[in-house]
Amino acid sequence: FLSRAPEFAWVARTEATLEGYVFGRHGYCHEHVGPLAATSETIARKLVSRCLASRPAKSFLIDAADDWTGFLQSAGFELERPLIRMYRGRRMHAEYERYQFGIAGPEFG
């Protein structure tokens with residue numbers, strides 16, 4: 001993602017501590033934000049805001065967690081369609097989901 005669209009790559013740090021990151025990619029009709037991971041919603045908001053500000057005239061999409069849509073709507077996003085992720089068997093790395101605010105897209109797994 002970094003090599004494809006470095007202008008959408010942002011990192012949030014506090015000294016040596018990684019607080020979050022966001023990447024993006026170019027699409028045919030829209031730019032895509034994600035993956036987006038952060039230690040808090042405040043950090044996630046700042047990262048998305050920086051990414052959007054890098055290309056203010058562009059249209060963006062994000063595949064985001066349901067409980068975070070309030071901020072995204074205030075930033076001008078509208079619900080296009082729901083994304084339901086299902087799993088079978090043991091969930092791997094479920095403890096990291098609280099840091100995940102946006103995914104790269106379902107096509108990336």
Side-chain angles (χ1 to χ4, degrees):
F1 290 105
L2 178 60
S3 65
R4 290 181 186 172
E7 65 274 22
F8 299 146
W10 297 93
V11 173
R13 293 182 185 273
T14 304
E15 297 181 22
T17 304
L18 178 65
E19 299 286 337
Y21 61 84
V22 65
F23 292 96
R25 68 186 194 284
H26 300 288
Y28 183 73
C29 296
H30 309 280
E31 308 296 359
H32 295 255
V33 178
L36 168 61
T39 56
S40 70
E41 185 173 331
T42 300
I43 297 294
R45 288 177 180 209
K46 289 178 182 179
L47 288 166
V48 168
S49 296
R50 291 293 301 262
C51 189
L52 298 177
S54 72
R55 295 289 189 267
K58 293 285 188 173
S59 174
F60 283 87
L61 296 174
I62 184 169
D63 291 313
D66 288 340
D67 58 351
W68 198 52
T69 57
F71 164 73
L72 294 173
Q73 288 173 337
S74 73
F77 286 91
E78 295 179 27
L79 180 63
E80 182 179 34
R81 66 179 181 267
L83 174 64
I84 300 171
R85 174 151 297 175
M86 300 174 69
Y87 70 94
R88 181 176 176 207
R90 192 172 77 92
R91 291 179 69 191
M92 301 296 291
H93 309 294
E95 67 272 16
Y96 298 114
E97 288 180 6
R98 66 182 176 181
Y99 303 115
Q100 186 176 7
F101 289 86
I103 63 172
E107 66 273 28
F108 292 98

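Counting from 1, the numbers follow the sequence of the chain as shown. Every value quoted in this text rests on a predicted model; they were computed, and no experiment measured them. Atom set for the values below is all heavy atoms of this structure, side chains included, hydrogens, waters and symmetry mates excluded.
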What side-chain donor-acceptor pairs closer than 3.5 Å can you find for residues 52-60, not counting sequence neighbours?
| from | atom 1 | to | atom 2 | distance (Å) |
| --- | --- | --- | --- | --- |
| S54 | OG | E7 | O | 3.4 |
| S54 | OG | C51 | O | 2.6 |
| S59 | OG | H30 | ND1 | 2.6 |

Distance, nearest 0.5 Å, that separates CD1 of I103 from CD1 of I62
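Going from CD1 on I103 over to CD1 on I62, the span is 9.5 Å.
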Which atoms form the tightest heavy-atom contact between [X] and [Y], and what is the distance?
X: A38; Y: I43; result: CB-CG2, 3.8 Å
X: L47; Y: A37; result: CD1-O, 4.1 Å
X: A64; Y: L72; result: CB-CD1, 3.4 Å

Taking everything shown except Y21 itself, do over 12 heavy atoms lie less than 6.0 Å from its OH?
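Open: at most 12 neighbouring heavy atoms sit under 6.0 Å from OH of Y21.
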Residues which pass side-chain contact (heavy atoms from CB on, under 4.5 Å) with [X], listed by chain and number, not counting sequence neighbours:
X: F71; value: E41, R45, V48, S49, W68, S74, A75
X: R25; value: F1, H32, E107, F108
X: A9; value: L2, F23

Side-chain heavy atoms of T69 within contact of L79, under 4.5 Å
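Answer no - side chains too far apart.
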Tell me whether F8 is reachable from L61 by hopping between hydrophobic residues (I, L, V, M, F, W, Y) whose side-chain heavy atoms are closer than 4.5 Å.
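L61 and F8: separate clusters.
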By salt bridge (charged side-chain N to carboxylate O under 4.0 Å, His left out), which residues pair with R50, not counting sequence neighbours?
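If we apply the salt bridge (charged side-chain N to carboxylate O under 4.0 Å, His left out) test to R50, skipping adjacent residues, there are no hits.
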If the condition is side-chain hydrogen bond (donor to acceptor under 3.5 Å, both in side chains), which residues does T14 pass it with, not counting sequence neighbours?
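Per chain and number, T14 pairs via side-chain hydrogen bond (donor to acceptor under 3.5 Å, both in side chains) with E19.
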Any pair counted as salt bridge (Lys or Arg N to Asp or Glu O under 4.0 Å), so long as it reaches residues 69-79, sequence neighbours left out
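Residue pairs passing salt bridge (Lys or Arg N to Asp or Glu O under 4.0 Å), neighbours aside: none found.
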